[in-house]
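Here the structure is laid out as structure tokens; the discussion comes afterwards.
Only a predicted model underlies this, so the values are computations on that prediction, with no experimental measurement involved. Order of listing sets the numbers, starting from 1, for every ligand and every atom in it. For the single chain, residues carry numbers from 1 onward in sequence order.
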Amino acid sequence: MIINIEWADDSLKIIDQTKLPGKLTIRKLSCVEEVFEAIGKLRVRGAPALGIAGAFGLYLGLRNKRPTSRQNFLIQARSIASYLSESRPTAVNLQWALQEILDSISRSKKSNPEHLLNLVLEQAKLLLQDDINRCENISKHGIDLFKHRLTVLTHCNTGALATAGMGTALGIIFNAAQQGKIDKVLVDETRPLLQGARLTMWELDYHKIPAVLISDNMAAYAMQREMVDMVLVGADRIAANGDVANKIGTYSLAVLAEHHGIPFYVAAPLSTFDHSVPSGEFIPIEERDPSEITRIWNKLEISVPGAKSWNPAFDVTPAKFVSGIITEQGILFPPFEKSIKQLNYQVYQNQEELK
Ligand code: MRU
């Protein structure tokens, strides 16, 4: 199995995804600033993995600051969490994980800052294990959608490189492939940062799953030629009404799928649902450096000197285009306002540490 993110040798170790597929480089992060930089530059990326990186980043920040009282510990923790949550705004998993840890500090009766620091590290480790479990359960539920061998179209990267476990949408594909239910995977290259071409193709190749890379603008033609049985993608944030924010280009796939009568499924853990936003229009959409558009992979200039460009990193797919959302608790179907409300959010708690 690919291990994308782990706590080892007193530091956070990640696969540096900016080096893939050319090189498999492990990067060691030893302070909160390094975690912030790695998130911003997409060395670590994908909604669930951002949550895990943020959790360990909070620990690293507190470890270096060495607060001397419980009150000071809480103040420092809130300030580091707010710094980290600004690294990338769209994936709610980052804020979710940071809030989980802040809540566990507040609930804890401990007053010794050393003990609180240990608590934060233990909570971060639990979140990592928790994500592994969530991914596994998503893949188990997702398999119910594969009544026979299918060709699946996917976008961006939702595999081991985007989580602490086997992935969400891609995790389902791995599980389906093991059971002989994948004919092939069509992989959108995912401009501008090429997560499909660089990362998803790398993971599918690693698992020896038949994959065909297409450029994003080929999806309509592939659907028209009946080459796609299902679209399966991940999510960065899901609003209370089922609107889904995910990598730019997801919305076009959903509209195309609707037009061609192809099911469009989203896979995401409960940490990706945000009940504080009633619908997608309230989800903050990250806008990245315009030079990511005027260059190919930050290298080759492809436009005129000084060309203006626009670079929203995500879009929002309205719930009406979503056939179902695969979670660790089962598959949700429309109407999503109702099915999302019925989820059980009593997840992850380290009772022992709270005593
Ligand atoms: O900008 P990225 O690469 O972090 O975007 C990632 C995505 O859009 C994924 O589809 C999403 O985070 C789900 S990952 C399981």
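- Nearest to atom 15 (C) of ligand 1 among the protein's heavy atoms is T168 OG1, 3.1 Å.
- Here the protein heavy atom with the shortest distance to atom 14 (S) of ligand 1 is A162 CB, 3.5 Å.
- With a heavy-atom cut-off of 4.0 Å, H155 does not touch ligand 1 at all.
- Relative ring orientation between W7 and Y59 is described as perpendicular, the plane-to-plane angle rising above 60° on a 0-90° scale split at 30° and 60°.
- With a 4.0 Å cut-off on non-hydrogen atoms, A235 touches ligand 1 through its backbone and not its side chain.
- Judged purely by distance below 3.5 Å, without hydrogens or angles, the side chains of D289 and S291 pair a donor atom with an acceptor atom.
- At least one heavy atom of R88 sits less than 4.0 Å from an atom of ligand 1.
- A side-chain donor-acceptor contact under 3.5 Å links S276 and D274.
- For Q195, every heavy-atom contact with ligand 1 shorter than 4.0 Å involves the side chain, none the backbone.
- Ranking protein heavy atoms by distance to atom 5 (O) of ligand 1, first place goes to K247 CE, 3.3 Å.
- Under the 3.5 Å distance criterion, the side-chain polar atoms of N157 are left unmatched by any main-chain donor or acceptor of Q195.
- Just one of R66, K65, Q71 meets the side-chain contact (heavy atoms from CB on, under 4.5 Å) condition when paired with Q76; it is K65.
- Which parts of ligand 1 touch A47 is read off a 4.0 Å heavy-atom cut-off, strictly below it: atoms 12 (O), 14 (S).
- Checked for salt-bridge contact, E337 and K341 miss the test: no charged N lies under 4.0 Å from a carboxylate O.
- With respect to atom 3 (O) of ligand 1, the closest heavy atom belonging to the protein is R45 NE, 2.5 Å.
- If you number the atoms of ligand 1 from 1 as listed, the ones under 4.0 Å from a heavy atom of G46 come out as 4 (O), 12 (O).
- In terms of N/O distances under 3.5 Å, ligand 1 is not approached by P48.
- From K19, atom NZ reaches atom CZ of R198 across 10.5 Å, with rounding to the nearest 0.5 Å.
- Within the structure, ligand 1 lacks A313 among the residues with a heavy atom less than 4.0 angstrom away.
- The nearest protein atom to atom 10 (O) of ligand 1, hydrogens excluded, is given as N246 OD1, 2.6 Å; this is a heavy-atom distance.
- One N or O on the side chain of T154 and one on the backbone of L232 form a donor-acceptor pair closer than 3.5 Å.
- Contacts of C156 with ligand 1, taken as heavy-atom pairs under 4.0 Å, involve the side chain alone.
- Among protein heavy atoms, atom 8 (O) of ligand 1 sits closest to D236 OD1, 2.8 Å.
- Side-chain atoms of D236 and T90 include no donor-acceptor pair closer than 3.5 Å.
- Using a distance-only test at 3.5 Å, with no hydrogens or angles considered, a donor-acceptor pair links the side chain of K181 to the main chain of F146.
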